[in-house]
Visitor: 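Can you keep this structure in mind? I'll have questions shortly.
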Amino acid sequence: MVNKISRKKKRQAKRFVGRKLVTQSNSKSSVSEQFRTLRTNINFSMPDQELKTILFTSAAQGEGKSTISANTAIVFAQAGKKVLLIDADMRKPTTHYTFNRMNATGLSNLLTRNWEIKDVIQKTDIEGLDLITSGPIPPNPAELLGSKTMDHVLEQLTGMYDLLLFDAPPVLNVTDAQILSHRCDGTIIVLHARKTEKDSVVKAKEALLSSQANIIGTVLNNFERQKDHYYNQYYGNVEAGT
C-alpha cells in the first residue's frame, strides 16, 4: 500500500515537473508568440490605468490557469518588467513544481505573520521573475486572503515590483478567487478548449462580477489550429519545434 502511494506521488510530481514553460524553453515558437500577444493585449486592456496586480483563475479545475499564469509571468519578465508570481492556490498549489522550487515557506506563512516578505521570495531561473509559493496548506485559505494582513502584504509587494501575477483557485470550487479578484486591478479567466462548459463560464463570470472583479479578458487554452494555418508559421524564422 505504501509503495502504491509512493508511486502515485512520483507520477504526480513527474507530471507537474513536465509542465512546459515554453516561453523559456522555446521563445521563438508560435506558442511563445501567442503569449507575447497576450502580454500586449493585457497592456492595451486598460490604456489609462497601469495594471499592477492581475489574477488568473478558471471556472473549474484542470483548465490550465497555472501554466498560463507562469508563462505570462515569463514574457513580462522578458520584456524588462520586474515580476512576482504568487501561488494563491493554498488548497492545491502547483507553482513550486513548475519552477522546481521548495514549498516549505510561502504565502500562507506571510498571512499568518510567521515570516517576513524577504524570507519567502524565491528567485527563478528567469531574469526579472521572482516567485512566492503557497507555503504550507492552511485550514482557512479564504479567511487569510480576505484579511487585513493580505492588504498590507499587497501594499508592500506592489511597491517592490512592476507587476504581481496571482495563480488563484477555480471560481466555482471555492471563494478564494472572488475574494482576491476584488483586490486586483484585473482578472483573466482561462478556458480549456473542448472542455470548459459554457454554463460554467457564465456562472464564473457572474460570481466574479458580484465581487466587483475587473474582468479584462479570457484566454483559450489548449486550442489546436490546423497545421497549415498561416499563424503556425513563425514570421521571419524557422520554428525550432515545441
Visitor: How long is the straight-line distance from CG of Asn71 back to CD of Gln34, given to the nearest 0.5 Å?
Guide: 12.5 Å
Visitor: To the closest 0.5 Å, what do you measure between NE2 (His152) and CG (Leu110)?
Guide: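 Rounded to the nearest 0.5 Å, the NE2-CG separation comes to 10.0 Å.
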Visitor: Closest heavy-atom contact between Thr112 and Asn109?
Guide: OG1-O, 3.3 Å
Visitor: What is the distance from atom CD1 of Ile215 to atom CD1 of Ile188, rounded to the nearest 0.5 Å?
Guide: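 Reported to 0.5 Å precision, the distance equals 11.0 Å.
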Visitor: Walk me through it: do Thr133 and Asn103 pass the test side-chain hydrogen bond (donor to acceptor under 3.5 Å, both in side chains)?
Guide: CA-CA 6 Å; Thr133 62; Asn103 192 33; 2.7 Å; yes
Visitor: Rounded to the nearest 0.5 Å, what separation is found between the OG1 atom of Thr187 and the CD atom of Gln178?
Guide: 10.5 Å
Visitor: Less than 3.5 Å apart, any donor N or O on the side chain of Ser29 or Ser32 sitting next to an acceptor on the other?
Guide: yes
Visitor: For Arg39 and Thr72, run side-chain hydrogen bond (donor to acceptor under 3.5 Å, both in side chains): C-alpha distance rounded to whole Å, both residues' side-chain angles, the deciding distance at 0.1 Å, then the answer.
Guide: CA-CA 7 Å; Arg39 179 184 65 197; Thr72 305; over 6 Å; no
Visitor: Does any non-hydrogen side-chain atom of Phe166 lie less than 4.5 Å from one of Ile54?
Guide: no
Visitor: Give me the other members of the hydrophobic cluster that Phe44 sits in, counting Ile, Leu, Val, Met, Phe, Trp and Tyr linked by side-chain heavy atoms under 4.5 Å, directly or via other members.
Guide: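 The other cluster members (ILVMFWY side chains, heavy atoms under 4.5 Å, direct or chained): none.
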Visitor: Does any part of the side chain of Asn43, heavy atoms only, come nearer than 4.5 Å to the side chain of Phe76, both counted from C-beta?
Guide: yes
Visitor: Which one of Asn221, Asp167, Thr57 satisfies the side-chain hydrogen bond (donor to acceptor under 3.5 Å, both in side chains) criterion with Lys65?
Guide: Asp167
Visitor: Which one of Leu145, Ile137, Asp176 satisfies the side chain to side chain contact (heavy atoms under 4.5 Å, CB included) criterion with Met90?
Guide: Leu145
Visitor: CD of Glu155 to CE of Met150: how many Å apart, nearest 0.5 Å?
Guide: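 Between atom CD of Glu155 and atom CE of Met150 there are 12.5 Å.
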